[in-house]
Amino acid sequence: MGIIENLSVAILSAGAGTRMKSQLPKVLHELAGIPMVHYVVREAQKISNDVNIIVGHRADEVKKSIENKFENINFIQQDLENFAGTGGALRDLNPKNKWVLIINGDTPLVKHDELIKFINSRDENINIILGVLSLENPKGYGRVVTSNDGKIIKIVEERDASEHEKNINLVNSGVYLILADLLKKYVYLLNNENSQREFYLTDIVALAKNDGIETSIYKLSEKIFKGVNNRVELSDAEEIILDRIREKIMLNGTTIHLPKTVYIEESVEFIGENEIESGVSIYGKSKIINSIIKSGSVIESSYIEKSSIGVIAHIRPDSKIVDSKVGNFVEVKKSKLTGVKAGHLSYLGDSEIDTDTNIGAGVITANYDGKNKYKTKIGKNVFVGSDSQLIAPVEIPDNVMIGAGSTIPSRTQIESGSLVISRGNVRIIKNFFYKFFTTK
Ligand code: UD1
Ligand code: MG
């Protein structure tokens, strides 16, 4: 498998996606952290050396998002004012190759090996193949009208369909393979005489039929080719992508409890044996090695090795946690913890904490003075008593004990072996309680 000679790809991504009810162009809505159209571009580049993307609505945003991630993409600007619609989208396409695979940018579940099967299904004398889905609920799709002998007559959009046609379960997936010359010819023959006043690409099928050119149909799987037009379909498609991610991780040695409740982005890497409890979310470029991530924890672009995280811990970007135990309600940000225990209710930000150090409940590294952020460094074998605040920048050397409830001012010089304690003296005023509450 690989690049198919003679194949160009056109990805339709110029529509506004009004059904998303969003400022963001539809194809930039994300599934598991990746914009919808990126999935399509990625698969297209696996099979073709000529990938064309049709942009129009908010073209610059769409282009920029794709250019940030992919090289060698050809962008084509659609004239949305005069030639709106999926047919209008292809007027200015100049494919380099003999065949064109057309696919919608709102089909993020697509897999290149399925596209290859689709392309290879072509019989020698066939010049157009249409990818179809057979759906229990065909709502929203263009219906494929066939004759008694199963030959395709036309595609009719739902808005233009008769009641009878609406009952057809065979629908257009939006994936076509067509001879480039034929596409060029028919795209100019389309009209916009339909309910949306748009140039429908789908009408090519009927035009070809009039010329005696047969379109063959190929059944595709809904789980791979379904389109996303609104946010319900977006979440349905995301669920399928998450299923794929979670399945791969589990097969590679990570146990996931209640997987449907666990959100993991594709960019997350798992090495060795791991365990993930319910309700966990892991984002970005995280790496999880031989660790357990307990219920309700959130990890963002961080490195976790031989550690236990949570329940309900928040590990924010650029943290590195090795041989450590981070417990409930602990927030760690841009910090390096090696061999550390931080069991409860802490904020550890911009800090570096070394082996055998214990962070008591409620300890806070005060890293921000309202203008700048500063670092906290805590050495080996330090005992930080509960409810202490370390005001950064500050450095605690090895073998130090900090008494519970202490506030350690920034730049405090501390020697190894010390006890550091800052606490108001205890005052006891006898009988105060009774006087206060009984006298009027
Ligand atoms: C389209 C098909 C429908 C099919 C369905 C499959 C047409 C007329 N209808 O309907 O038969 O069942 O896909 O998912 O083709 N786009 C442009 N320029 C435009 C309009 C749209 O590039 O002027 C792009 C959109 O960004 C989108 C894709 O084309 O990625 C499809 O457009 P959309 O509006 O989603 O069409 P559907 O109603 O889904
Ligand atoms: Mg669509």
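Please read all numbers here as calculations on a predicted model, not as lab measurements. Start at 1 and go down the list; that is how both ligands and their atoms are numbered.
Among protein heavy atoms, the minimum distance from atom 34 (O) of ligand 1 is reached at R19 NH2, 3.4 Å. Closest protein heavy atom to atom 15 (O) of ligand 1: T86 OG1, 2.6 Å. Atom 30 (O) of ligand 1 has its closest protein heavy atom at L12 O, 2.7 Å. Considering only non-hydrogen protein atoms, atom 9 (N) of ligand 1 sits nearest to E157 OE1, 3.0 Å. Taking atom 6 (C) of ligand 1 as the reference point, the nearest protein heavy-atom neighbour is N172 O, 3.4 Å. Closest to atom 39 (O) of ligand 1 among all protein heavy atoms lies N229 OD1, 3.3 Å. The protein atom (non-hydrogen) at minimum distance from atom 16 (N) of ligand 1 is G15 N, 3.5 Å. The single protein non-hydrogen atom nearest to atom 22 (O) of ligand 1 is A14 N, 2.8 Å, given as residue, atom name and distance.
The Y141 neighbourhood of ligand 1 comprises atoms 6 (C), 12 (O), 14 (O), with distances under 4.0 Å to a heavy atom of that residue. Atoms of ligand 1 found under 4.0 Å from any heavy atom of S173 (numbered from 1 in listed order, with element): 6 (C), 14 (O). The ligand atoms of ligand 1 that sit less than 4.0 angstrom from a heavy atom of G142 are 3 (C), 4 (C), 11 (O), 12 (O). Taking a cut-off of under 4.0 Å to the non-hydrogen atoms of K26, the atoms of ligand 1 that pass are 35 (O). Atom numbering of ligand 1 starts at 1 in the shown order; those under 4.0 Å from a heavy atom of L80 are 23 (O). Every atom of ligand 1 is numbered from 1 in the order shown, and the set under 4.0 Å from a heavy atom of Q78 is 17 (C), 18 (N), 19 (C), 22 (O), 23 (O).
Under a 4.0 Å N-O distance rule, the pair D106/K26 qualifies as a salt bridge. A salt bridge is absent between R91 and D79; no separation between the charged side-chain nitrogens and carboxylate oxygens falls under 4.0 Å. With respect to R231 and D236, no salt bridge is recorded, no charged nitrogen being found less than 4.0 Å from a carboxylate O. Ion pairing between E114 and K117 holds under the 4.0 Å rule for side-chain N and carboxylate O. Electrostatic pairing of K380 and D354 counts as a salt bridge here, judged by a charged N lying under 4.0 Å from a carboxylate O. Look at K64 and E61 and you find no salt bridge, because none of the NZ, NE, NH1 or NH2 atoms lies under 4.0 Å from a carboxylate O. Classification of R246 and E239 as a salt-bridged pair holds, one side-chain N sitting under 4.0 Å from a carboxylate O.
Annotation for K184: atom NZ counts as buried by contact number, over 12 foreign heavy atoms lying within 6.0 Å. Counting heavy atoms of neighbouring residues, nucleotides and ligands inside a 6.0 Å radius, atom NZ of K333 exceeds 12 of them.
The Mg ion (ligand 2) has D106 OD2, N229 OD1 as protein N, O or S atoms under 2.8 Å away.
Y303 carries K320 over the face of its six-membered ring, with the cationic atom under 6.0 Å from the centre and within 45° of the normal.
Of the listed options L201, N104, I76, N104 places a heavy atom closest to atom 28 (C) of ligand 1.
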Under 3.5 Å, which donor-acceptor pairs do the side chains of residues 125-137 form with other protein atoms, sequence neighbours left out?
unit_1, atom_1, unit_2, atom_2, d
N137, OD1, K139, N, 3.2

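Between Y374 and Y368, the ring centre distance reaches or exceeds 6.0 Å. Two rings, from F70 and H38, have their centers less than 6.0 Å apart.
At least one heavy atom of A84 sits closer than 4.0 Å to an atom of ligand 1. Assignment of G85 to the shell around ligand 1 is supported, since a heavy atom sits closer than 4.0 Å.
Of the residues listed (E158, H164, E165), the one engaging R143 in a side chain to side chain donor-acceptor pair (under 3.5 Å) is E158, and it is the only one.
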